[in-house]
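Worksheet: the structure to be examined is printed underneath.
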Amino acid sequence: MLWYPKIQYSHPQRSMKMKSIAVIGLGQMGSTLARLLLDAGFEVHVWNRTPGKAAALAEAGAKVAASAAEALSRAEFAVMCVHDHGAAAEIMTPNAWRALEGKALLQFTTFSPQEAAAAAETAQRHGAVYLSGAIQVAPEQMGKPDTTILLSGPRATVDRAQTVLAAFGGNIAWLGERATAAPTMDLATLSFVYGATSGFLQGAALLQQEGLDVQRYGAIVQAMSPSFGEFLQHEANVVAGGDYSISQSPLSISVDATRRIHHAMRAAGLDASLTGAIAQLLERANAAGYSGEELAAVTKVIRNQG
């Protein structure tokens, strides 16, 4: 389900279903994207710097191009998913950009917001449309109703590409016209993922040190995760609304809690650098006078507002 209202277009070209798609980059994710498109009935043109990776896709019906430019020239729409920005820049030669004139490129390679902005400008100079994409799941989780994909760029192009996007997953989050929106949101969600994962592994180390059941810990965290997600949504609403009056979780409680965690890690002889950093952040919020506000007030310290 797309996260924006559908727009009705009177121009027949804009509502016509795309038939041929180029997929540039055939790593685990790129190969998965190509297979999903083949399964959805598209004509798929593929290219990879290491030609051998295209063999299995060729057997499945994909058309293997001799160059990226050739694949792009044969398709109506292009998807790229390669190792990094450097690889993408090397692949997108002047010939490749010329092949994209009048078409659109959906870039799934991980770009910084600044790199995405520069790529969008380059695309515009060559008469192409640039879409920023960020896939939030592993390859084996692609193509499912709840597969989450972040997307930003011209809305009209997103609408025209709905059948392509539907092949990749059912939870497409369009974030606006700016090319920087999707990579910035990707950094934000990754901040949550790595922060939560680091905290989880820290807890596992503490339990292991004390001889407790780590598997039981995993089950408990899994069970509490949906309700914790609801709490985080509430805190997001607090930040967005700007009213930090206590509504669910006073910051003062978390100041005390992070102190206890930090002390427990040190007492167990474990690396306490992560807990120390978190406790220090909340101490700063406390010193700035936010102890009587909602926990979300920590964002004011992070933004150097206090």
Side-chain angles (χ1 to χ4, degrees), residues 1 27-29 31-32 110 134-150 168-171 173 185-239 244 246-287 290-302:
M1 178 175 66
Q28 283 189 308
M29 184 60 78
S31 294
T32 298
T110 301
I135 297 171
Q136 304 290 283
V137 300
E140 64 182 14
Q141 297 167 315
M142 291 295 295
K144 298 181 180 181
D146 61 348
T147 297
T148 299
I149 296 174
L150 309 178
F168 297 150
N171 194 28
M185 183 66 78
D186 187 40
L187 292 177
T189 57
L190 287 175
S191 177
F192 163 70
V193 168
Y194 286 120
T197 301
S198 297
F200 175 82
L201 296 176
Q202 174 183 265
L206 178 61
L207 290 170
Q208 195 172 42
Q209 187 80 349
E210 298 298 325
L212 296 174
D213 188 345
V214 178
Q215 288 183 316
R216 180 72 184 281
Y217 164 60
I220 291 171
V221 170
Q222 182 183 33
M224 66 182 277
S225 291
S227 58
F228 187 66
E230 292 178 5
F231 169 71
L232 292 180
Q233 178 64 73
H234 173 77
E235 296 301 287
N237 294 339
V238 170
V239 175
Y244 294 90
I246 295 173
S247 50
Q248 284 199 17
S249 180
L251 188 144
S252 58
I253 292 177
S254 293
V255 172
D256 292 337
T258 53
R259 286 174 184 162
R260 290 195 299 273
I261 298 169
H262 183 55
H263 292 158
M265 292 291 289
R266 294 182 63 185
L270 300 173
D271 185 327
S273 56
L274 176 61
T275 55
I278 295 171
Q280 185 180 46
L281 177 63
L282 269 73
E283 292 284 7
R284 285 172 53 203
N286 185 46
Y290 301 139
S291 63
E293 297 187 6
E294 185 68 15
L295 176 59
V298 172
T299 56
K300 294 193 279 188
V301 175
I302 296 173

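These numbers come from the heavy atoms of this one structure, side chains and all, not from hydrogens, waters or symmetry mates. Nothing here was measured: the structure is a model prediction, and the numbers come from that model.
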Inset, instruction - Measure the shortest side-chain to side-chain distance between Gln202 and Ile261 over non-hydrogen atoms and say whether it is less than 4.5 angstrom. - result: yes
Legend entry - Any Val255 side-chain heavy atom under 4.5 Å of Ser291 side chain: no
Inset, instruction - Take Leu282 and Val301 through the side chain to side chain contact (heavy atoms under 4.5 Å, CB included) test and state the conclusion after the steps. - result: CA-CA 9 Å; Leu282 269 73; Val301 175; over 6 Å; no
Inset, instruction - Could you tell me whether the side chain of Leu206 reaches within less than 4.5 Å of the side chain of Leu212, counting heavy atoms only? - result: no
Inset, instruction - Please tell me if the side chains of Thr147 and Met142 come closer than 4.5 Å, counting only heavy atoms from C-beta onward. - result: yes
Legend entry - Within 6.0 Å of CE in Met265, more than 12 heavy atoms from elsewhere: yes
Inset, instruction - Find the distance between CE (Met29) and CD (Glu140) and round it off to the nearest 0.5 Å. - result: 10.0 Å
Legend entry - Non-hydrogen side-chain atoms of Phe192 and Leu232 separated by less than 4.5 Å: yes
Legend entry - Heavy-atom neighbours of Gln208 CD exceed 12 at 6.0 Å: no
Inset, instruction - Return the minimal non-hydrogen interatomic distance between Leu251 and Tyr290, and the atom names on each side. - result: CB-O, 3.6 Å
Legend entry - Close side-chain approach of Leu281 to Thr258, heavy-atom, < 4.5 Å: no
Inset, instruction - Look only at the side chain of Ser198 and the backbone of Tyr194, and say whether a donor-acceptor pair between them is shorter than 3.5 Å. - result: yes
Inset, instruction - Taking side chain to side chain contact (heavy atoms under 4.5 Å, CB included) as the test, write out the residues that go with Ala204, two or more places apart. - result: Val214, Tyr217
Legend entry - Test item: Gln141 side-chain N/O and Ala138 main-chain N/O as donor-acceptor pair under 3.5 Å: yes
Inset, instruction - Locate the shortest heavy-atom distance separating Gly199 from Leu274; write the atom from each residue and the value. - result: N-CD2, 4.1 Å
Inset, instruction - Hey, could you give me the CD/OG distance between Glu293 and Ser247, rounded to the nearest 0.5 Å? - result: 11.0 Å
Legend entry - Side chain to side chain, Leu187 and Ser191, heavy atoms closer than 4.5 Å: no
Legend entry - Residue Glu283 excluded, over 12 heavy atoms near CD under 6.0 Å: yes
Inset, instruction - Any chance you could measure Ile246, atom CD1, to Leu295, atom CG, to the nearest 0.5 Å? - result: 10.5 Å
Inset, instruction - With rounding to the nearest 0.5 Å, note down the distance linking CZ in Arg266 to OG in Ser273. - result: 11.5 Å
Legend entry - Closest approach of Glu210 to Ala268 (non-hydrogen atoms, all atoms of both residues): OE2-CB, 4.0 Å
Legend entry - Pairing residues for Gln248 by the side chain to side chain contact (heavy atoms under 4.5 Å, CB included) criterion, not counting sequence neighbours: Phe231, His234, Glu294
Inset, instruction - Would you indicate whether the side-chain heavy atoms of Asp186 and Gln136 approach each other to under 4.5 Å? - result: yes
Legend entry - Spacing of Asp146 atom CG and Asn171 atom CG [to the nearest 0.5 Å]: 7.5 Å
Inset, instruction - Taking all non-hydrogen atoms of both residues into account, name the closest pair between Glu235 and Ala296 and its distance. - result: OE1-N, 2.9 Å
